[in-house]
J.: 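Let me give you the structure first, and then I'll get to my questions.
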Amino acid sequence: MTATRPTPIRLYVNIDHVATIRQARRGSEPDPVAAARWCEDAGADGITAHLREDRRHIQDADVEAIAAQVRTVFNFEMAATDAMVALAVRLRPHQVTLVPERREEVTTEGGLDVARDPRALASSIERLRAAGIRVALFIDPDPSAVAASRALGAQAIELHTGTYAHHPGEGPALHALRHAARLGHDAGLAVHAGHGLTVANVAPVTAIPEVEELNIGHHLVSRAIAVGLPEAVREMRAAMHAARTAGR
Ligand code: PXP
């Protein structure tokens with residue numbers, strides 16, 4: 001009898017915050033596209049970038065360059081607007097993760113309100129999928145949001161780990177993530193997670209067996225100031241691998 005091996009878990013690096021630093025001076029450095037290459041060289045499985053309506057960090061030219069140049073896969077984070085869907089259909093990223101957007105927020109503060117305009121959301125998902133793009137919905141770890149994601153036609157859910165990141169360790173936030181991951185998997189959805197994850201808090205999320213992809217940005221770019229981006233990516237991969245293998 002062969003021993004059961006833990007399923008692999010992917011690390012997608014969100015490079016928005018490299019662009020945030022560049023936009024502080026509206027100049028050309030640091031370059032998020034170069035950063036994406038360094039992350040890939042250090043073992044990232046994919047590159048995530050969010051083109052916000054207010055263009056506060058990633059710009060249109062960045063998205064064009066990333067889509068053309070990634071050697072792994074591009075996970076394009078965006079709001080479900082007609083203009084963004086049209087852009088994605090033209091660029092054909094591997095995956096689109098649909099996120100809510102509020103202009104005044106500091107970062108994506110909550111999951112998509114999947115009940116708000118389901119017909120419009122379902123139509124965006126259908127257009128993206130018809131173009132061969134895998135579609136994930138960024139949702140709170142809430143059973144009704146998981147069920148709605150399935151009904152809307154998404155292939156994957158990304159569970160918002162923000163509440164857990166504020167209250168790490170064993171507790172209601174982690175239990176909610178575990179429960180939502182199980183429900184999503186049982187409904188045939190791929191399960192991703194992200195927001196506020198760090199080397200210090202990633203282990204319990206990585207240990208949820210249904211979770212197959214993490215999207216991590218801020219901590220890696222912060223850590224890069226001390227050790228460089230490639231080393232920050234390697235540290236995170238090591239932390240993820242250790243937790244997955246130990247099943248903790
Ligand atoms: N996933 C989604 C959908 C996000 O919007 C963000 C933040 O941009 C992240 C993951 C990454 O969060 P953080 O930068 O806190 O690691």
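Since the structure is predicted, the reported quantities are computational estimates derived from the model, not experimental observations. Both ligands and their constituent atoms are indexed starting at 1 by order of listing. Here, residue 1 is the first one in the sequence, and each next residue gets the next number.
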J.: Within ligand 1, which atoms have a heavy atom of G196 less than 4.0 Å away?
T.: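 Atoms satisfying the 4.0 Å criterion: 12 (O), 13 (P), 15 (O), 16 (O).
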
J.: Which ligand 1 atoms are under 4.0 Å away from a heavy-atom of I216?
T.: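 Those qualifying, in numeric order: 16 (O).
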
J.: Under 3.5 Å, is there a donor-acceptor pair linking the side chains of H50 and E77?
T.: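 Result is yes, a qualifying pair exists.
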
J.: Any side-chain heavy-atom pair from L177 and R182 closer than 4.5 angstrom?
T.: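 A side-chain contact is absent here, since even the closest heavy-atom pair is not under 4.5 Å.
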
J.: Quick one: do R90 and E64 make a salt bridge, cutoff under 4.0 Å?
T.: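 Yes, charged N to carboxylate O under 4.0 Å.
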
J.: More than 12 foreign heavy atoms under 6.0 Å from CG of D186: is that the case here?
T.: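 More than 12 within 6.0 Å, yes.
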
J.: Should G194 be counted as touching ligand 1, given the test is an N or O pair under 3.5 Å?
T.: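 The answer is no, given that G194 and ligand 1 share no N or O pair closer than 3.5 Å.
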
J.: Which of the atoms of ligand 1 are close to H17, meaning less than 4.0 Å from one of its heavy atoms?
T.: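 Under 4.0 Å from H17, ligand 1 has these atoms: 14 (O).
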
J.: Quick one, T48 with N75, criterion side chain to side chain donor-acceptor pair (under 3.5 Å). Give me CA distance, side-chain angles, the key distance, then yes/no.
T.: CA-CA 5 Å; T48 298; N75 174 33; 3.1 Å; yes

J.: Checking side chain to side chain contact (heavy atoms under 4.5 Å, CB included) against L137, which of L189, V96, V99, L98 comes through?
T.: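 Option passing the side chain to side chain contact (heavy atoms under 4.5 Å, CB included) with L137: L98.
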
J.: Under 3.5 Å, is there a donor-acceptor pair between the side chain of E210 and the main chain of V191?
T.: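 Side chain of E210 to backbone of V191, a donor-acceptor pair under 3.5 Å: no, none is there.
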
J.: I'd like the name of whichever of M78, E101, H195 reaches closest to atom 6 (C) of ligand 1 through any heavy atom.
T.: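 The residue whose heavy atom sits nearest atom 6 (C) of ligand 1 is H195.
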
J.: Counting each atom of ligand 1 from 1 as listed, which ones have a heavy atom of H218 under 4.0 Å away?
T.: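 The list of qualifying atoms is 13 (P), 14 (O), 16 (O).
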
J.: How does H50 reach ligand 1, by side chain, by backbone, by both or by neither, if only non-hydrogen atoms under 4.0 Å count?
T.: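 For H50, no heavy atom sits under 4.0 Å from ligand 1.
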
J.: Need the ligand 1 atom indices (1-based, order shown) with element for anything under 4.0 Å from a heavy-atom of V99.
T.: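 Listed by number with element, the hits are 3 (C).
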
J.: Under 4.0 Å from a heavy atom of E77: which atoms of ligand 1 are those, numbered in the order shown and with their elements?
T.: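 Selected atoms, number and element: 1 (N), 2 (C), 3 (C), 4 (C), 5 (O), 6 (C).
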
J.: May I ask you to list the atoms of ligand 1 that are less than 4.0 angstrom from any heavy atom of E158?
T.: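 So the atoms of ligand 1 that pass are 1 (N), 2 (C), 3 (C), 10 (C).
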
